[in-house]
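If you read the sequence from its start, that first residue is 1, and numbering goes on from there.
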Amino acid sequence: LLAFSSYSMKDSVLEAWRQQGILQDICTEKPFFEEPKGNHETKQMMEKYNGALAGSSGAILAAVCRGKLCEGIDFTDKQCRMV
């Protein structure tokens with residue numbers, strides 16, 4: 001779980017990582033998911049994230065503290081090995 005203090009912070013850091021190729025490098029090692037702003041997309045993203053966790057390499061989820069995911073979901077076991 002990669003937790004950011006705000007949506008704008010998450011967006012700016014991930015955009016910088018995209019421009020520098022860092023995010024692409026991360027994605028070659030682990031599936032990467034971002035907390036969406038819409039509620040409908042959140043359920044679909046969490047299903048994909050949980051599916052990716054079944055693999056041997058795990059996955060990374062970029063979420064926002066006090067956002068939908070960090071406040072509304074109890075992350076257990078493989079869902080949150082490191083913050």
Side-chain angles (χ1 to χ4, degrees):
L1 179 62
L2 182 59
F4 291 93
S5 60
S6 67
Y7 285 103
S8 62
M9 172 68 77
K10 176 183 74 78
D11 293 342
S12 65
V13 168
L14 295 183
E15 182 58 31
W17 286 3
R18 281 184 186 94
Q19 291 176 0
Q20 296 171 19
I22 295 169
L23 193 55
Q24 183 177 353
D25 291 343
I26 291 170
C27 291
T28 62
E29 299 296 323
K30 292 189 179 290
F32 188 89
F33 300 90
E34 291 182 52
E35 175 182 359
K37 291 182 181 175
N39 287 332
H40 177 67
E41 297 90 1
T42 300
K43 182 180 177 185
Q44 293 174 335
M45 185 275 310
M46 284 302 296
E47 289 172 356
K48 291 178 183 177
Y49 174 64
N50 287 325
L53 292 175
S56 62
S57 67
I60 297 173
L61 172 60
V64 177
C65 292
R66 295 180 309 276
K68 290 180 296 304
L69 293 179
C70 288
E71 294 297 322
I73 295 177
D74 182 22
F75 290 96
T76 59
D77 300 326
K78 289 185 176 184
Q79 288 179 322
C80 186
R81 291 288 182 187
M82 181 176 7
V83 177

Discussion item. Any non-hydrogen side-chain atom of Met46 less than 4.5 Å from a side-chain atom of Phe33?
Written reply: no
Item to complete: Could you pull out the closest heavy-atom pair between Glu35 and Leu61, with the gap in Å?
Response: N-CD1, 4.2 Å
Item to complete: For atom CD of Glu15, decide whether the heavy atoms of other residues, nucleotides or ligands shown that lie under 6.0 angstrom number more than 12.
Response: yes
Item to complete: Any salt bridge (charged side-chain N to carboxylate O under 4.0 Å, His left out) involving residues 48-60? Give me the pairs, sequence neighbours left out, ordered by first then second residue.
Response: none
Item to complete: To the nearest 0.5 angstrom, please state how far the CG atom of Asp11 sits from the CD atom of Glu34.
Response: 7.0 Å
Worksheet item: Which pair of heavy atoms, one from Ala62 and one from Leu14, lies closest together, and at what distance?
Response: CB-CD1, 4.1 Å
Worksheet, complete the sentence: In terms of heavy-atom contacts, Met45 and Pro36 come closest through CE-CD, 3.8 Å
Worksheet item: Should Ile60 and Glu29 count as side-chain neighbours, where that means a heavy-atom distance under 4.5 Å?
Response: no
Worksheet entry | Closest non-hydrogen atom pair between Ala59 and Ala52, with its separation | CB-CB, 3.9 Å
Item to complete: Give the minimum heavy-atom separation between Leu1 and Ala63, together with the two atoms involved.
Response: CD1-CB, 3.9 Å
